[in-house]
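Down below is the structure, laid out as structure tokens.
First the proteins, then the strands, lettered A, B, ... as listed; each starts at 1.
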Amino acid sequence: MNDKADPDVAERSNFLHDIISEDIKNGRFERSFRTRFPPEPNGYLHIGHAKAICLDFDLADEFAGTCNLRFDDTNPTTEDETYVEGIIDDLKWLGYEAENICYTSDYFEQLYAWAELLIIDGLAYIDDQSSVEISEQRGGFGKPGVESPFRSRNDDENLDLFRQMRDGVFPEGHCVLRARIDMQHDNMQMRDPVMYRIKHASHYRTGDRWCIYPTYDWAHGQGDAIEGITHSLCTLEFSNNRDLYNWFLEKLPLPNPAPYQTEFARLELTHTVTSKRKLRDLIDNGVVSSWDDPRLPTLRALKKRGYPASAIRSFCKDIGAARTNSRHAIELLESYVRVNLNAVSQRRMAILRPVKLIITNWPNDENGHPIVEWREVTNNPENELDGVRLVPFSGTLYIEQDDFQVNPPPKFFRLTPGAEVRLRSGYFITCNNFVENSSGELQEIHCTYDPATAGGKAPDNRKVKATLHWVSADHAVTGSVSLYDRLFTAELPGETTGDVMDDLNHQSVETLTNCKFEPALAETPTEVVVQFERLGYFSRDAGTPLLFHRTVGLRDEWANIQKRTKK
RNA sequence: UCGGGGAUGGUGUAAUUGGUAACACAACUGGUUCUGGUCCAGUCAUUGGGGGUUCGAGUCCUCCUCCCCGAACCA
């Protein structure tokens, strides 16, 4: 399930591609290319993860290799089964299937055995100091560390203590297992890093079998080796861990060549955040409703909002991979969504902020009721196979408030008193009058129609400057629409004050409840995205009846004109 | 302060590995159009700064500047 077949997605070269080709050419590994996507199950996947996933899986696909999904579950106090399930769902939705679903916790026994081996080889020791003492002794940038007084403990004692650790003899924090490397090393990661800590916590998979848990560094490379990974791809912040990754692998009796780590820059987007902590803060503080709130950059939120998975994949492929820290404009992602949706989504008419339009010369039938015509409207001009539908048209309609102005600004092409416009697939109409209430609010617009322009074409070929969408008042279904805007006003939230909450966009969602939809919209299946003509793409909510989420608006030249004239 | 990694237009990614800056987004001009959508045509950088090697440098050397990551029993 990948879209190699998608001609829109061109393969772009990047440094990872080059490295792997080189390794294959030189026969560095006698096994085939294999990588893994290693999330920690303590939150849901977001757009940043999508980049890593696309990289891992597409590279595997391209080089005839495989990719595992591995849950890096070494910290029982933060992880949970629900996230495991959520991540599996998210990955599937994105369109990828893992070769194997693995868990670091499945390697706990092996990891433990290897740790004993290191102790026996004099390469690890039990340190009885507290975390603050250890931290203080670690030194600083340019300042060498100090060796622990327990560093010279003999191997037999270390082994004995380690076994007692495992047996639950000690309380949390009593001691840790440390690798004996070099307290003077320039790389802080190499200053006798902690391999095991005591946690009397039950793990969502191993239950109470363990009370000591391996740290990331002690588990990751070994997990890679166990799975036969060749290329361990991760983000830039792990660069400093690479020395340690290699050190452990060298000291262990593993078949060579060992996997090796290569880092790339994580995906950052403007006007949003992608750290799990910050996402969680937004949820916990009630800024957004949950992990799938459509304003969030999580995959489940994007899905709910109507972002096609294939658009996200195209985006990730095209931005490629590099080692430069960068931040992509969120508009770029949106443009991929528009390109995708423009091709596939059916067009419908919906009025978000309705105002009544009365056609004063509209004919009545023999009973004195306005006649109803069923106008034929194209479903998608981008795809003839989508055909047409019939939309009821009559003498009383709703149009968008924005489409009428009494005193129009320059370049306003829409309806104004005296002007003629087209109602899409309907008729040309001319505004003769309008009605306001005592407080000056627009109540009704009165127009006459030209019967000769049925279907929206004038026999004399005269032109109009605008085509408006409309909904017949008698046939309209009423529903609601949620309009989303960026969650943060600042490109880089927290840039000025350091607190992302200071940059919150307090108008990031607006829900309109009196929207008028053409009848066909009531038939739209849940989670399907349609284009509301002239407005944008909208996804039907699965829970709330007749609610649509705005996926993304259409490009809006009129908005640009207004912005320009303002300057 | 030490170590590691970066720097190409408004933004992001490329450049046959030393051969004369490409693609996308955004913006702007104009054209087409029954969506101010789509589509089409066009405009918009000499590669952080200095010096050097070379017929030729974004690619090599050198000095400088700026930015990111790192002192968790998180990953």
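Distances shorter than 4.0 Å separate none of the side-chain N or O atoms of Thr324(A) from OP1 or OP2 on G5(B). Neither OP1 nor OP2 of U38(B) sits under 4.0 Å from any side-chain N or O of Arg338(A). Phosphate proximity of C28(B) to Asn560(A): present, with a side-chain N or O under 4.0 Å from OP1 or OP2. Distances shown here put every side-chain N or O of Arg138(A) at or beyond 4.0 Å from the OP1 or OP2 atom of C2(B). Distances shown here put a side-chain N or O of Lys199(A) below 4.0 Å from the OP1 or OP2 atom of C74(B). Taking 4.0 angstrom as the limit, Arg197(A) places a side-chain polar atom (N or O) nearer than this to OP1 or OP2 of C74(B). At the phosphate of G5(B), neither OP1 nor OP2 sits under 4.0 Å from any side-chain N or O atom of Arg323(A). Taking side-chain N and O atoms only, Arg266(A) has no distance below 4.0 Å to OP1 or OP2 of G5(B).
If you check every strand for non-hydrogen atoms under 4.0 Å, Ala321(A) touches sugar and phosphate atoms only. As judged by a 4.0 angstrom heavy-atom cut-off over every strand, Gly426(A) is placed among residues making no nucleic acid contact. When heavy atoms are screened at a 4.0 angstrom cut-off, Ile561(A) is found touching base atoms of the nucleic acid. Looking at heavy-atom distances under 4.0 Å, Thr378(A) makes no contact with the nucleic acid at all. Within 4.0 Å of Arg422(A), counting heavy atoms only, lies at least one base atom of the nucleic acid. The residue Thr270(A) sits apart from the nucleic acid: no heavy atom pair falls under 4.0 Å. When heavy atoms are screened at a 4.0 angstrom cut-off, Phe412(A) is found touching base atoms of the nucleic acid. Within 4.0 Å (heavy atoms only), Pro144(A) reaches no atom of the nucleic acid at all. Residue contacts shown for Ser131(A) include a base, since a base heavy atom lies under 4.0 Å away. Contacts of Gln129(A) with the nucleic acid, taken as non-hydrogen atoms under 4.0 Å apart, include base atoms.
Within the 3.5 Å criterion, the main-chain N or O of Ala265(A) finds a donor-acceptor partner in the side chain of Lys51(A). Between the side chain of His200(A) and the main chain of Phe170(A), a donor-acceptor pair closer than 3.5 Å is present.
Rounded to an integer number of Å, the gap from CG of Asn241(A) to C1' of A71(B) is 13 Å. Atoms CG (Leu16(A)) and P (G5(B)) sit 16 Å apart, rounded to a whole Å. One interatomic measurement links the two molecules: CD of Glu491(A) to C1' of C25(B), which rounds to 13 Å at whole-angstrom precision. Distance, Leu244(A) CG to A75(B) P: 13 Å, rounded to whole Å. In this structure, Glu557(A) places its CD atom 14 Å from C1' of U35(B), rounding to the nearest Å. Rounded to an integer number of Å, the gap from Arg414(A) CZ to U35(B) P is 13 Å. The separation between Arg242(A) atom CZ and G4(B) atom C1' is 8 Å, rounded to whole Å. As a whole-Å value, the separation of His185(A) NE2 from G3(B) P is 11 Å.
Remark: U11(B) base-pairs with A24(B). Criterion, Watson-Crick or G-U wobble with two distances under 3.5 Å. U16(B): no Watson-Crick or G-U partner with both key distances under 3.5 Å is found in any strand. Across every strand in view, U59(B) sits unpaired, with no contact that passes the Watson-Crick or G-U test at under 3.5 angstrom.
In this structure, His220(A) has its ring center no closer than 6.0 Å to that of Phe238(A).
The P atoms of A21(B) and U47(B) are separated by 12 Å, rounded to the nearest whole Å. Rounded to a whole angstrom, the distance from the C1' atom of C66(B) to that of A22(B) is 27 Å. Look at the P atom in both U65(B) and G50(B): the space between them is 15 Å, to the nearest Å. Nucleotides G18(B) and C61(B) place their P atoms 11 Å apart, quoted to the nearest Å. Between the C1' atoms of A14(B) and A45(B), the separation comes to 14 Å (whole Å). G70(B) sits 27 Å from U8(B) when the C1' atoms are compared, rounded to a whole Å. Nucleotides C73(B) and U17(B) are separated by 48 Å at their P atoms, to the nearest Å. The P atoms of G30(B) and C67(B) are separated by 42 Å, rounded to the nearest whole Å.
Aromatic stacking is marked for Trp558(A) over G36(B), as both cut-offs hold: 5.5 Å for the centres and 30° for the planes.
Counted by atom type alone, Asn42(A) and Glu40(A) present one or more donor-acceptor pairs between their side chains at under 3.5 Å.
U17(B) takes the syn form, because its glycosidic angle lies no more than 90° either side of 0.
By the 4.5 Å heavy-atom criterion applied to side chains, Asn14(A) and Phe264(A) are not counted as neighbours.
Between Glu227(A) and Cys102(A), the closest heavy-atom pair is OE2-CB, 3.3 Å. The shortest heavy-atom contact between Ile87(A) and Gly43(A) is CD1-O, 3.6 Å. Nearest heavy atom pair, residue Met188(A) against residue Gly140(A), reads SD-O, 3.8 Å. Of all heavy-atom pairs spanning Arg178(A) and Met195(A), the tightest one is C-SD, 4.1 Å.
Nearest-nucleotide positions on RNA chain B for Ile198(A) and Leu423(A) put Leu423(A) closer to the 5' end. Where Gly456(A) and Thr215(A) each meet RNA chain B at their nearest nucleotide, the meeting point lying more 5' is that of Gly456(A).
Of the listed nucleotides (U13(B), G37(B), A24(B)), G37(B) has the atom at the smallest distance from the side chain of Asn342(A). Residue Lys411(A) places its side chain closer to G36(B) than to any other of G6(B), G36(B), G37(B). Considering only side-chain atoms of Asp18(A), the nucleotide from A72(B), C73(B), U17(B) that sits closest is U17(B).
The base of U38(B) lies outside donor-acceptor range of the side chain of Arg555(A), with no N or O pair under 3.5 Å. The base of G37(B) sits within donor-acceptor range of the side chain of Glu382(A), with an N or O pair under 3.5 Å. A donor-acceptor contact under 3.5 Å is formed by the side chain of Gln531(A) with the base of U35(B).
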**Footprint string (nucleotides 64-70 of chain B, 5' to 3'): B base within contact, S backbone only, - free, heavy atoms under 4.0 Å** = ----SBB

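How far OH of Tyr307(A) is from CD1 of Ile47(A): 8.0 Å, rounded to the nearest 0.5 Å.
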**Request:** Starting from the C-alpha separation in whole Å, work towards a yes-or-no answer on side-chain hydrogen bond (donor to acceptor under 3.5 Å, both in side chains) for Thr272(A) and Arg486(A).
**Result:** CA-CA 7 Å; Thr272(A) 191; Arg486(A) 4 229 72 149; over 6 Å; no

**Message:** Under the criterion side-chain hydrogen bond (donor to acceptor under 3.5 Å, both in side chains), I'd like the reasoning laid out for Tyr245(A) against Asp224(A): C-alpha separation, chi angles, the key distance, then a yes or no.
**Reply:** CA-CA 10 Å; Tyr245(A) 180 102; Asp224(A) 286 344; 2.7 Å; yes

